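Everything numeric in this text was worked out from a predicted model, so none of it was measured. Just so you know, ligand 1 is whichever comes first in the structure, and atom 1 is the first atom listed for that ligand. For reference, positions follow the sequence shown, starting with 1.
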Amino acid sequence: MTDITQKEIEKLEEFDNHKLIRPIKKSGSNLLGFIVIHRENPKMPSFGATRVCKYDSELDALKDALRLSKLMSYKAALAGLPCGGAKGVIMKPGFFQSKKKLLYSYAEEVNNLKGKFITGTDAGLQQKDLLVLREKSPYIVGLHTSATKFTGLGILYSIEVTLEELFGSKSLSERTFAIQGLGKVGGELLHLIYNDAKKIFVSDIDKKLLLKIKREFPKVEIVSKDEIYEQKVDIFSPCALSHSLNSESIEKLACKAIVGGANNQLKSEKIGEKLFQKGILYAPDYVVNAGGLITVVDEFEHKVHSEGRVTERVLGIKKTLKNIFEESSKQKRATNLIANEMAEKIFDKY
Ligand code: NAD
C-alpha cells in the first residue's frame with residue numbers, strides 16, 4: 001500500500017504508539033494519503049478533520065498526519081471531550097482529475113473503518129466538499145454547524161483571556177494584531193476583531209485572496225509572509241499551516257503574545273520553552289482552537305445543533321487557558337509543557 005514499512009513507521013519520532021495507521025491509495029482517483037488514530041476511547045469514536053495539502057513525499061504526509069492526530073487527542077482531553085484523536089491527510093495531487101471522484105474514494109476509506117474515525121474539514125477542504133463526502137459516508141460531521149465559526153469564537157475568547165493576563169483588560173480597542181493566513185480560520189478571526197482592534201497586519205501566500213480581503217477589510221495592512229513575524233504587535237496569530245514557530249521565525253518576533261488557530265504551531269516543545277524565556281506569552285494552539293472540535297462532537301452527540309449549548313461549551317476554553325497561564329507563572333515553566341501535562345493526566349483516567 002505504501003513504500004514505508006511498518007518497522008520504519010514505528011521508528012519515527014512521531015509514531016507515539018498510534019492505534020491505527022492506514023495508508024490510503026487509489027490510482028484511478030488520484031487518492032493518496034493516510035488515516036491515523038492516536039487514541040481510542042470505548043465511549044466514543046476518534047475525531048480528526050481531514051487535511052488536503054501539498055507534501056513533498058508520502059513520509060512527510062504521514063508525519064504530518066501523526067503529529068496532527070496526536071494533537072487532536074490533547075485537544076479533546078483539555079476541551080473535556082471523551083473522544084480520541086485522529087486525522088485524515090490527503091496528498092494534494094498536481095491536478096484533480098476529478099475532485100468529486102477523489103472525495104468519493106476517500107469516503108469509502110472512511111467507511112472501511114466502520115465508524116471508528118469521524119471526520120470533517122481542515123485546511124484545503126471547504127464546506128461544499130463535506131457535502132460530497134456525506135453523499136457516500138455517514139461518518140462526516142460539520143454539516144449542521146460551522147467548525148470555522150466556533151474555532152474563530154474560541155480564538156477570540158483566548159485573545160480576551162490573554163489580553164486580561166497582559167494588560168488587565170480584554171478590550172481590543174488599544175490592541176494591535178498580526179494574522180498569518182487568511183483562509184477559513186484566519187478570515188473568521190479577522191471578521192471577529194476587525195471593527196474593534198486598533199490595527200491589524202495580515203499575510204497570506206494567496207495573492208488573489210489578499211486582494212479580496214483588502215476590498216472587504218480596507219483598514220488592514222498587508223505585509224509579506226516573512227514580514228508578518230516582525231510586526232510590533234500585541235498579538236501574533238498563526239492561522240496557516242504547521243510549524244510557523246521555529247528557531248528562525250521566533251528570532252524575528254516582536255509581539256507580546258501568540259494566540260492563533262493553526263495546529264502544531266511549535267516546531268518542537270523546545271520552541272515553546274524559548275518563547276517563555278523570551279517573555280512572549282504563548283497560548284497553546286490546541287487549547288485555543290478547540291471550538292471546531294467542540295461543535296462537531298456536539299453535533300455527533302446531539303444530532304441537532306444548539307447555538308447556546310455549543311457557545312457555552314466553547315466558553316470553557318477561557319477557564320482552561322486561565323488555569324494554564326496561572327500554573328505557568330506559578331511553576332515558572334512554559335505554557336505548552338503545562339498544557340501537555342494537564343492533558344496527559346486526563347489520558348491516565350481512560
Ligand atoms: P485554509 O486552507 O482555509 O487556510 C489556510 C490559509 O493559510 C490559506 O489561505 C493559505 O494560502 C494560507 N497560507 C499557507 N501558508 C502560508 C504562509 N506561509 N503564510 C501565510 N499564509 C499561508 O485552512 P483553515 O481551515 O483556515 O486552517 C488553518 C489552520 O487552522 C490549520 O492549521 C488547521 O489545521 C487549523 N484549524 C482549522 C480548523 C477549522 O475549523 N478549519 C479548526 C481548528 C484548527
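- Residues satisfying the salt bridge (Lys or Arg N to Asp or Glu O under 4.0 Å) criterion with D64, sequence neighbours excluded, are R51, R67.
- Checked for salt-bridge contact, E58 and K25 meet the test: a charged N lies under 4.0 Å from a carboxylate O.
- Y282 is not connected to M342 by any chain of hydrophobic side-chain contacts under 4.5 Å among Ile, Leu, Val, Met, Phe, Trp and Tyr, and they are in different clusters.
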Show me the side-chain donor-acceptor pairs of residues 250-262 shorter than 3.5 Å, one per line, residues at least two apart or across chains.
| unit_1 | atom_1 | unit_2 | atom_2 | d |
| --- | --- | --- | --- | --- |
| K256 | NZ | D234 | OD1 | 3.4 |

Please tabulate, one line per pair, the protein nitrogen or oxygen atoms found under 3.5 angstrom from a nitrogen or oxygen of ligand 1, with distances to 0.1 Å, or say none if there are no such pairs.
| unit_1 | atom_1 | unit_2 | atom_2 | d |
| --- | --- | --- | --- | --- |
| ligand 1 | 2 (O) | G124 | N | 3.2 |
| ligand 1 | 3 (O) | K184 | N | 3.0 |
| ligand 1 | 3 (O) | K184 | NZ | 3.2 |
| ligand 1 | 9 (O) | D204 | OD1 | 3.4 |
| ligand 1 | 9 (O) | D204 | OD2 | 2.8 |
| ligand 1 | 11 (O) | D204 | OD1 | 2.6 |
| ligand 1 | 25 (O) | K184 | NZ | 2.9 |
| ligand 1 | 26 (O) | K184 | N | 3.1 |
| ligand 1 | 26 (O) | V185 | N | 2.8 |
| ligand 1 | 30 (O) | G261 | O | 3.2 |
| ligand 1 | 32 (O) | R51 | NH2 | 3.2 |
| ligand 1 | 32 (O) | A240 | O | 2.9 |
| ligand 1 | 32 (O) | N263 | N | 3.1 |
| ligand 1 | 34 (O) | R51 | NH2 | 2.9 |
| ligand 1 | 34 (O) | D122 | OD1 | 2.7 |
| ligand 1 | 34 (O) | D122 | OD2 | 3.2 |
| ligand 1 | 34 (O) | N263 | ND2 | 2.8 |
| ligand 1 | 40 (O) | T151 | OG1 | 3.4 |

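- At most 12 non-hydrogen atoms from other residues, nucleotides or ligands lie less than 6.0 angstrom from NZ of K319.
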Return all side-chain donor-acceptor pairs below 3.5 angstrom for residues 188-202, not counting sequence neighbours, or 'none' if the list is empty.
| unit_1 | atom_1 | unit_2 | atom_2 | d |
| --- | --- | --- | --- | --- |
| Y194 | OH | K219 | N | 2.8 |
| K199 | NZ | E221 | OE1 | 2.8 |

